[in-house]
Amino acid sequence: MMSSASAPGKLMLLGEHSVVYGHPCLVTTVDLRVRVCVESIPGDRLVIRTPALTKAGREDTINLADLQEMTSFPAETGFVLAAVREFQRAFGRVEGLRIVTEGPEQSYGLGSSSAVTVATMGALFGLRSLPLDLHRIHELSYAAVLAVQGKGSGFDVASATFGGTILFQRTGGVVEKLAVPDLPIVIGYSGKKVSTTNLITRVAELHQRHPGLVDGMFSLMVDLVLSGRSALLSANWSLLGELVNINHGLLESLGVSTVQLAKPIYAARESGAFGAKLSGAGGGDCMFALVDDRHREAVRDAIAAAGAQPLELATNVEGLRLD
Ligand code: MEV
């Protein structure tokens, strides 16, 4: 028996960091799909092959009985292992499995961990012929991600699961799918991968030192997300651009921007973008600019000249799918 599923990457539009505190955020999917194939094999083993392991000329084998006791997860296979463990906890012992993951060479901090977790969960649902209950898949995948990285709001897992562009809020389990057209976006990769967990901790420390100030910023971010939702639904890109700029200012105030992110952000704005901001935890990873067709090329060139790698990726793409 065999089953295969895929899930996309994500791009945070508005509301990073405040979403960790139970506030809403807006996130869209990007066309960086991770595919996972699971196959039943005899015995109690879990055999895993990922692109990185294949490059290193190996595959990993783990005893399924040991999985339950695991307290820390290996970097290369942690999200897959944690997904299998959450699945076992929910639906009982799985038979021996061979799991093969395939994905883009580079993930740019655009959600490959959440995508591989959700795709593994989806493929396991497929293998057991369970109905593809997206809310259940989201919850189990979120538990898996927390087991590996300890912190996070689950917005990335929600994005990979439900797809499209969503308003997500952990408090109250809100996942509102927004009917939006393709977003006029150019992404810039700063060239540096960051640890989301470290950035969440830094913001938590700032919050502890200045609770009133940081809560005030979070409350402004809530306003930005709600106004951003209306701007998205009416495809009002110049309004959304303004909101994006304001959100970036608040992220600067939280201390999570860097010179490598700020340079392409300012360059994009000066070249005619509606707005630009960092996306995600900060400290590195990506920025994006909202831009019309007339300015797209100039903005892309400006982002490159400012030291970031421009990425032209389709956004608002389909979420989890059985292949
Ligand atoms: C990271 O991409 C976005 C954060 O809000 C963390 C999270 O929501 O899990 C900083």
Side-chain angles (χ1 to χ4, degrees), residues 7-30 32 34 78-79 82 107-118 138-139 141-162 165-175 185 187-190 192-208 214-215 217-222 224-225 228 244 247-258 260-261 265 277-288 311 313 315:
K10 55 79 191 160
L11 181 76
M12 178 69 99
L13 298 173
L14 291 170
E16 49 272 88
H17 287 291
S18 53
V19 67
V20 176
Y21 295 75
H23 301 303
C25 74
L26 291 168
V27 54
T28 191
T29 41
V30 293
L32 279 175
V34 175
F79 291 97
S107 70
Y108 311 104
L110 289 172
S112 59
S113 308
S114 41
V116 80
T117 309
V118 169
H138 170 231
E139 281 311 316
S141 302
Y142 179 49
V145 167
L146 278 188
V148 179
Q149 67 182 32
K151 290 180 181 159
S153 64
F155 84 99
D156 44 1
V157 176
S159 176
T161 306
F162 294 95
T165 302
I166 58 171
L167 183 147
F168 171 79
Q169 185 170 11
R170 172 130 302 277
T171 309
V174 180
V175 176
I185 277 177
I187 301 170
Y189 176 55
S190 72
K192 190 176 154 205
K193 293 271 299 156
V194 292
S195 153
T196 300
T197 314
N198 290 350
L199 268 297
I200 294 178
T201 304
R202 250 170 54 190
V203 171
E205 287 164 358
L206 190 74
H207 185 247
Q208 216 160 31
V214 174
D215 281 335
M217 288 191 251
F218 288 163
S219 140
L220 290 173
M221 289 179 184
V222 174
L224 287 168
V225 167
V244 154
N247 196 164
H248 182 75
L250 293 171
L251 291 165
E252 287 272 6
S253 304
L254 285 183
V256 299
S257 187
T258 64
Q260 288 77 18
L261 286 164
I265 287 169
K277 70 181 272 289
L278 73 82
S279 174
D285 287 342
C286 287
M287 50 73 65
F288 73 86
L311 307 172
L313 294 169
T315 54

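Atoms within each ligand, like the ligands themselves, are counted from 1 in listed order. Just so it is clear, the structure is predicted and the values come from calculations on it, not from any experiment.
Among the atoms of T196, none of the N or O lies under 3.5 angstrom from an N or O of ligand 1.
The nearest pair of heavy atoms linking A144 to T117 is CB-CG2, 3.8 Å.
The distance from ligand 1 to the heavy atoms of V20 drops below 4.0 Å at these ligand atoms: 5 (O), 6 (C), 7 (C), 8 (O). Annotation for ligand 1: atoms under 4.0 Å from non-hydrogen atoms of I200 are 6 (C). Of all the atoms in ligand 1, the ones that sit under 4.0 Å from a non-hydrogen atom of G152 are 9 (O). In summary, the atoms of ligand 1 found under 4.0 Å from a heavy atom of F155, numbered by their order in the structure, are 1 (C), 2 (O), 3 (C), 7 (C), 8 (O), 9 (O). Atoms of ligand 1 found under 4.0 Å from any heavy atom of V19 (numbered from 1 in listed order, with element): 5 (O), 8 (O).
Counting heavy atoms only, H17 comes closest to atom 4 (C) of ligand 1 of the residues K151, K10, H17, Q149. Of the candidates C286, A281, G282, S18, A281 brings a heavy atom nearest to atom 1 (C) of ligand 1.
Note that NZ of K277 and CG of L261 are 10.5 Å apart. Values are rounded to the nearest 0.5 Å. Atom CG of L14 sits about 5.0 Å away from atom CG of N247, to the nearest 0.5 Å. Note that the CD1 atom of I200 and the OG atom of S195 stand 8.5 Å from one another [nearest 0.5 Å].
Ring geometry for H138 versus F162: interplanar angle over 60°, hence perpendicular rather than tilted (30 to 60°).
Distance alone, capped at 3.5 Å, places no donor-acceptor pair between the Y189 side chain and the G109 backbone.
Using a non-hydrogen distance threshold of 4.0 Å, L199 does not register as a contact of ligand 1.
Summary of contacts: the protein heavy atom closest to atom 7 (C) of ligand 1 is S153 OG, 3.4 Å.
In this structure, K192 places its NZ atom where only 12 or fewer heavy-atom neighbours from other residues, nucleotides or ligands lie under 6.0 Å away.
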